[in-house]
Amino acid sequence: MDLTRRNTFGMKVSCACYVEYDSLEDLFSLDLDGLPQPVFHMGAGSNLLFTRDWPGTVLHSCIKFLRPMGLEEDEVLVEVGAGAVFDSFVEWACSRGLWGAENLSLIPGEVGAAAVQNIGAYGVEAGDIIVRVNCFDRETREMVTFENADCRYGYRSSFFKEEGKGRYIITSVLFRLSRKYSPKLEYGGIRAALGGRQPMLPDDVRRAVSEIRRAKLPDPSETGSAGSFFKNPVISREHFERIEAEAGPDVRVPHFDTPEGVKVPAAWMIERCGLKGAQLGGAAVYDKQPLVIVNLTGQAAPEEVLALEQRIIAAVKERFGVELHPEVEHI
Ligand SMILES: Cc1cc2nc3c(=O)[nH]c(=O)nc-3n(C[C@H](O)[C@H](O)[C@H](O)COP(=O)(O)OP(=O)(O)OC[C@H]3O[C@@H](n4cnc5c(N)ncnc54)[C@H](O)[C@@H]3O)c2cc1C
């Protein structure tokens with residue numbers, strides 16, 4: 001089965017077997033061990049770099065329900081099927097005046113993966129609004145529920161990405177939204193995009209976030225990518241001060257203080273290495289946001305993306321002494 005249209009990078013790869021299920025009963029009835037191995041569960045393929053054909057089975061959820069579960073004072077609980085498009089849930093919430101998900105507008109992918117990745121943007125992470133995650137345990141073939149604390153959410157990380165990887169298939173996620181006016185406008189130019197106006201509704205923030213994203217990020221339907229290719233590194237304060245000293249007094253090195261150290265945007269370092277727009281075969285560093293590697297020609301081969309990735313890692317290491325790590329999962 002051809003996977004070219006099932007990964008947003010547009011890598012021309014295939015898998016031996018592709019299986020979709022659209023209900024829990026369907027999933028329970030599958031003999032996963034009897035399918036060509038290994039079995040990989042994917043979402044919309046928007047955080048993946050397929051480096052070669054997948055020799056086994058690709059499994060995909062089409063469980064797409066959205067079910068409001070009732071009110072708790074100002075809060076609304078909503079359960080959403082893992083195969084639903086995450087942005088459809090955000091749009092639904094915003095259109096009903098419910099706060100909490102609006103800063104996550106327009107992030108590609110599905111609800112199950114959002115809970116795996118702890119997707120984040122503009123100061124909000126999925127983990128902030130997730131109450132619990134329902135899963136099918138591949139080992140015991142039973143349903144298991146993870147409360148938010150059990151999911152161990154961190155920066156683009158979770159239990160499902162680490163110890164639980166491969167074992168748990170997320171079937172649905174319970175979100176908590178709020179009817180109380182609670183916009184989060186501190187990050188990433190949202191206030192500027194609002195033109196100084198105070199947002200009245202979640203939809204106002206959604207529009208502002210969408211505007212910023214459209215200006216900065218490639219539209220997967222036009223240009224292949226998997227979004228931010230690298231994680232932003234966190235370094236020690238001494239290391240940061242060395243980078244600042246080397247940059248000189250006229251350059252402001254962007255950074256954010258975190259409990260673990262100083263986070264420096266990888267995009268800034270890649271640009272300072274002169275790699276913004278750099279091309280290698282069909283792959284290129286996106287000219288509007290150097291954190292993104294794009295399939296510029298639509299014909300990029302996995303080897304070209306991997307070679308460009310290595311070139312960026314080596315250049316940043318040599319110039320700043322910082323090791324970049326990919327955010328995109330290599331398959
Ligand atoms: C243009 C662009 C912009 C982006 N912007 C952002 C951003 O602002 N913030 C951000 O955080 N990310 C961003 N991303 C990355 C991507 O959108 C997210 O990582 C998203 O959650 C991936 O969802 P997916 O459905 O495509 O999952 P996939 O990429 O298919 O899979 C991701 C992981 O989730 C696992 N998985 C998928 N479904 C399930 C399931 N039901 N059960 C168990 N495991 C599962 C897969 O095995 C894999 O490990 C961007 C990507 C693109 C292309």
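By convention here, the first residue in the shown sequence is residue 1. Counting starts at 1 for both ligands and their atoms, in listed order.
- Of the N and O atoms on the side chains of S178 and E75, not one donor lies less than 3.5 Å from an acceptor on the other residue.
- Among residues at least two apart or in separate chains, side chain to side chain donor-acceptor pair (under 3.5 Å) pairs with a member in residues 243-257 are R237-D257.
- No salt bridge links E303 with R52; every basic N to acidic carboxylate O contact stays at or beyond 4.0 Å.
- For the side chain to side chain donor-acceptor pair (under 3.5 Å) condition, the pairs that include at least one residue of residues 102-116, sequence neighbours left out, are H60-E110, S105-R206.
- Under a cutoff of 6.0 Å and an axis angle of 45°, K161 and Y153 do not form a cation-pi pair.
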Identify every side-chain donor-acceptor pair in residues 277-288 under 3.5 Å, counting partners at least two apart or on other chains, and give the distances.
residue, atom, partner, partner atom, Å
Q279, NE2, G281, O, 3.1

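- Listed by chain and number, T8, F40, H41, M42, G43, A44, G45, S46, N47, L48, A82, I107, P108, G109, E110, A113, A114, V116, Q117, I119, G120, A121, R156, K165, Y168, I169, I170, R213, P218, S225, A226, G227, E329 each place a non-hydrogen atom less than 4.0 angstrom from ligand 1.
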